[in-house]
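Take a look at the structure set out below.
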Amino acid sequence: MFNDPRMTSRGRMIAGLVALLVACALPKRVERGHHPGASKNAVCTSYEVQPLVIYGLESALSTRIAFHYEAGDDC
């Protein structure tokens with residue numbers, strides 16, 4: 001993964017853990033449902049932007065965890 005000859009094995013381990021933490025914090029947009037909009041024919045979609053690790057836990061456990069970066073509606 002990180003194969004620089006000047007890095008120690010502990011340095012490679014720390015770099016790998018930092019890379020893993022950054023990858024788990026990447027955002028994923030999750031749609032939560034549809035509801036009628038303000039105008040007659042409009043349909044709004046609720047969404048949340050969550051870290052990938054939270055999305056994975058919600059999918060695996062079939063439950064909802066109340067942590068997200070952003071939430072809103074697209075109309």
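- One distance of note links SG of C44 with CG of D73; it measures 5.5 Å at 0.5 Å rounding.
- Rounding to the nearest 0.5 Å places OG1 of T8 at 7.0 Å from CD1 of I14.
- Panel note: side chain Q50, backbone K28; no donor-acceptor pair is recorded below 3.5 Å.
- In this structure, L52 and C24 have side chains that are not in contact, with every pair of non-hydrogen atoms separated by 4.5 Å or more.
- With no hydrogens or angles considered, no side-chain donor-acceptor pair links T45 and D74 at under 3.5 Å.
- Side-chain atoms of I54 and P51, non-hydrogen and from C-beta on, do get closer than 4.5 Å to each other.
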Decide yes or no on side chain to side chain contact (heavy atoms under 4.5 Å, CB included) for Y47 and V30, but give the supporting numbers first.
-> CA-CA 6 Å; Y47 71 90; V30 181; over 6 Å; no
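- I65 and Y55 are not part of a single hydrophobic cluster, where members link through side-chain heavy atoms under 4.5 Å apart.
- Looking only at atom types and distance, the side chain of E48 has no donor-acceptor partner in the side chain of Y69 under 3.5 Å away.
- The distance from atom OG of S62 to atom CG of L57, rounded to the nearest 0.5 Å, is 11.5 Å.
- Contact annotation: the side chain of R64 approaches that of R32 to within less than 4.5 Å [non-hydrogen atoms, C-beta and beyond].
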